[in-house]
**Student:** 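The structure under discussion is supplied below as structure tokens; questions concerning it will follow.
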Amino acid sequence: HPYGCSQMGDDQENTRKVLADMIHHPNAGGVLVLGLGCENSNIPVLMDYIGDYDKDRVKFLQCQDVEDEMETAMGMLEELAAYAGAFSREKIDASELIIGMKCGGSDGLSGITANPTIGRFSDMMGQRGGSTVLTEGPEMFGAEGFLMDRCIDRDVFVKAEQMINGFKEYFISHNEVVYDNPSPGNKQGGITTLEEKSLGCIHKGGHSPINAVYDYAKQVESKQGLVIMDTPGNDPASVAAMVAGGAQVIVFSSGRGSPVGHPIAPVVKVTGNKITFANMEDNIDFCAAPLIYGEKTVEQLGTDLLNMVVETACGKQTKAEALGFVETAIARICNYV
């Protein structure tokens, strides 16, 4: 990640907390925390945010403290690999899963194929007692009312309202047009209006009630059904927030195609465009195009996607993992006036 210096206030606090949450993520069997040594968010500072940890599972290295950081790091990684390799798999219930949901590079088919398939998958996860996380506040503009009507109580409703209005106020404060959407790629893919894009986005949440709204990267409770997390539309920053919040797997739809991955949580990529799938089959794991051709129902595709996500949680490698795509980004918090 490119941060640690040239940050202050809430922005720097956010980076430190997200890094600490990623260090504690259950997907990581062993963690090497690597620092330069002179940054503001150096390892001694970060230790206060990490709190208690298993010294066999988490190790620290400041490059400026050793003569050969590559040799030292490789020795530490060998110790961590041996530690992680001592564990064996156990069967647990799917209700323990927290699954993040995201879309990027949507096209005219996303809202009627891939995203409804993810929505059916989300409902199925909720029926099994798991948690699914819907993100991207700015991508909900124009369709937020449909989501807010599903909030389980007034407190959740108010939090959702504050999230949406907070993004709008942020845009206005920077003299940006609130409804400057869809993107050029969305338009090339056939999306014509903001409402069309937003309605497609919220389809990922299925039809379940919304049980909670979480701030960016906050820890999501397990066995909670559908929840919303306050994230921007930016793909890597949104994925990073869900991972820091505890998501073990990310389901990511893209009509135009995307290579996005993450170093901690596998990203299962879905498209509803058979041409995109044919062109990017090395990047995309699941094709929901059969829905539009009447070859499969949304129920069947939702079940297929659920099975794929469970297989991924059990260790099956995603396309992004196979290609080594592990980029990450942490959203910046800027309070310029």
Side-chain angles (χ1 to χ4, degrees), residues 25 27 89 94 97-125 128 130-136 139 185 189 200-201 203-206 234-236 238-243 247-293 295-328:
H25 197 285
N27 279 18
R89 291 189 177 276
L97 288 173
I98 301 172
I99 308 297
M101 303 183 296
K102 174 78 176 72
C103 57
S106 298
D107 69 355
L109 295 174
S110 295
I112 55 176
T113 54
N115 290 354
T117 296
I118 294 175
R120 186 67 195 109
F121 154 79
S122 177
D123 290 341
M124 290 177 172
M125 276 297 302
R128 287 158 176 75
S131 296
T132 53
V133 186
L134 184 65
T135 58
E136 305 178 274
E139 306 297 314
C201 169
H203 268 308
K204 298 193 303 295
N234 176 271
D235 296 345
S238 181
V239 169
M242 292 185 284
V243 174
Q248 300 106 338
V249 179
I250 306 296
V251 177
F252 185 104
S253 70
S254 180
R256 305 282 290 168
S258 172
V260 68
H262 195 273
I264 297 176
V267 180
V268 175
K269 289 196 286 294
V270 180
T271 189
N273 186 321
K274 70 176 184 180
I275 297 174
T276 299
F277 186 69
N279 290 337
M280 297 189 70
E281 192 170 358
D282 59 332
N283 274 284
I284 298 174
D285 303 273
F286 187 95
C287 184
L291 179 61
I292 201 170
Y293 297 101
E295 297 167 356
K296 283 192 174 184
T297 66
V298 70
E299 184 79 16
Q300 290 171 322
L301 286 167
T303 301
D304 292 344
L305 182 57
L306 176 65
N307 291 336
M308 178 175 284
V309 170
V310 170
E311 289 173 358
T312 302
C314 290
K316 181 181 178 181
Q317 199 173 49
T318 63
K319 300 291 180 66
E321 288 180 293
L323 292 169
F325 292 154
V326 292
E327 68 276 7
T328 192

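Model, not experiment: these values are computed from the prediction.
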**Student:** Heavy atoms only: give me the nearest Met242-Gly100 pair and the separation to one decimal.
**Tutor:**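 The answer is SD-CA, 3.3 Å.
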**Student:** Can you list the steps and then say if Val267 with Phe325 is a side-chain contact (heavy atoms from CB on, under 4.5 Å)?
**Tutor:** CA-CA 10 Å; Val267 180; Phe325 292 154; over 6 Å; no
**Student:** Would you say the side-chain atoms of Asp285 and Thr318 include a donor-acceptor pair closer than 3.5 Å?
**Tutor:**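 Per modelled atom types, Asp285 and Thr318 side chains form no pair under 3.5 Å.
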**Student:** Tell me, with the steps shown, if Lys269 and Ser254 meet side-chain contact (heavy atoms from CB on, under 4.5 Å).
**Tutor:** CA-CA 7 Å; Lys269 289 196 286 294; Ser254 180; 6.0 Å; no
**Student:** Please tabulate, for side-chain N and O atoms in residues 307-314, each donor-acceptor pair with protein atoms closer than 3.5 Å (sequence neighbours left out).
**Tutor:**
residue : atom : partner : partner atom : Å
Asn307  : ND2  : Thr303  : O            : 3.3
Thr312  : OG1  : Met308  : O            : 2.8

**Student:** Looking only at non-hydrogen atoms, find the nearest pair between Phe286 and Leu305 and report the distance.
**Tutor:**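 Looking at all heavy atoms of both residues, the shortest contact is CE1-N, 3.6 Å.
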**Student:** Is there side-chain contact between Lys204 and Glu136, with heavy atoms separated by less than 4.5 Å?
**Tutor:**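 Touching, per the 4.5 Å side-chain cut-off.
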**Student:** Hey, what do you get for CG (Leu97) to CZ (Arg128), rounding to the nearest 0.5 Å?
**Tutor:**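 Taking CG in Leu97 and CZ in Arg128, the distance rounds to 11.5 Å.
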**Student:** Tell me, please, which residues at least two apart from Thr117 pass side-chain hydrogen bond (donor to acceptor under 3.5 Å, both in side chains).
**Tutor:**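 In terms of side-chain hydrogen bond (donor to acceptor under 3.5 Å, both in side chains), with neighbours along the sequence ignored, Thr117 is linked to no residue.
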**Student:** Looking at CG of Leu323 and CG of Asn283, how far apart are the two atoms once the value is rounded to the nearest 0.5 Å?
**Tutor:**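 Answer for the CG-CG pair, Leu323 versus Asn283, is 5.5 Å.
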**Student:** Considering non-hydrogen atoms only, spot the tightest contact between Ile118 and Ser253 and give its length.
**Tutor:**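 In terms of heavy atoms, the two residues are closest at CD1-CB, 3.6 Å.
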**Student:** Would you find a donor on one side and an acceptor on the other, under 3.5 Å apart, between the side chain of Lys319 and the backbone of Glu281?
**Tutor:**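 Flag set: sc Lys319 to bb Glu281 pair under 3.5 Å.
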**Student:** Return yes if some donor-acceptor pair links the side-chain N/O of Arg120 with the main-chain N/O of Pro116 below 3.5 Å, else return no.
**Tutor:**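 Judged by distance alone, no pair lies under 3.5 Å.
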**Student:** Side chains of Thr271 and Thr276: do they bring a donor and an acceptor to under 3.5 Å?
**Tutor:**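 Their side chains do not contain a donor-acceptor pair, so the 3.5 Å distance test is not met.
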**Student:** Determine whether a donor-acceptor pair (N or O, by modelled atom type, separation under 3.5 Å) exists between the side chain of Asn115 and the backbone of His203.
**Tutor:**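 Judged by distance alone, no pair lies under 3.5 Å.
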**Student:** Check whether any side-chain heavy atom of Phe252 sits under 4.5 Å from a side-chain heavy atom of Asp235, and report yes or no.
**Tutor:**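 Contact flag for Phe252/Asp235 side chains = yes.
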**Student:** CE of Met101 to CZ of Phe121: how many Å apart, nearest 0.5 Å?
**Tutor:**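 Taking CE in Met101 and CZ in Phe121, the distance rounds to 7.5 Å.
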**Student:** Between CD of Glu295 and CD of Gln300, what distance do you get to the nearest 0.5 Å?
**Tutor:**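 The distance works out to 11.0 Å.
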**Student:** Does the His262 side chain pair with the main chain of Val249, one donor and one acceptor, at a distance under 3.5 Å?
**Tutor:**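 Flag not set: sc His262 to bb Val249 has no pair under 3.5 Å.
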**Student:** State, to 0.1 Å, how close Ile284 and Phe277 come at their nearest heavy-atom pair, and which atoms those are.
**Tutor:**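 Smallest interatomic distance, heavy atoms only, reads O-CE1, 3.5 Å.
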**Student:** Can you check whether Arg256's main-chain N or O pairs, donor with acceptor, with Asp107's side chain at less than 3.5 Å?
**Tutor:**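 Answer holds: no.
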**Student:** Let me confirm one number: the OG-CD1 distance from Ser122 to Ile99, rounded to the nearest 0.5 Å.
**Tutor:**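 Ser122 atom OG to Ile99 atom CD1 measures 10.0 Å (nearest 0.5 Å).
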**Student:** What are the two closest heavy atoms between Ala288 and Val270, and how far apart are they?
**Tutor:**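 It is CB-CG1, 4.4 Å.
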**Student:** Report the distance from atom NZ of Lys296 to atom CG of Leu291, rounding to the nearest 0.5 Å.
**Tutor:**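 With rounding to 0.5 Å, NZ (Lys296) is 11.0 Å from CG (Leu291).
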**Student:** Looking at Thr135 and Lys102, what are the two nearest heavy atoms and their distance?
**Tutor:**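 For Thr135 versus Lys102, the nearest heavy atoms are OG1-CD, 3.8 Å.
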**Student:** In the structure I gave you, are the side-chain heavy atoms of Glu139 and Cys103 within less than 4.5 Å of one another anywhere?
**Tutor:**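 When only atoms from C-beta onward are counted, Cys103 and Glu139 do not touch, as no gap falls below 4.5 Å.
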**Student:** Between Met124 and Glu299, is there a side-chain heavy-atom distance shorter than 4.5 Å?
**Tutor:**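 Touching, per the 4.5 Å side-chain cut-off.
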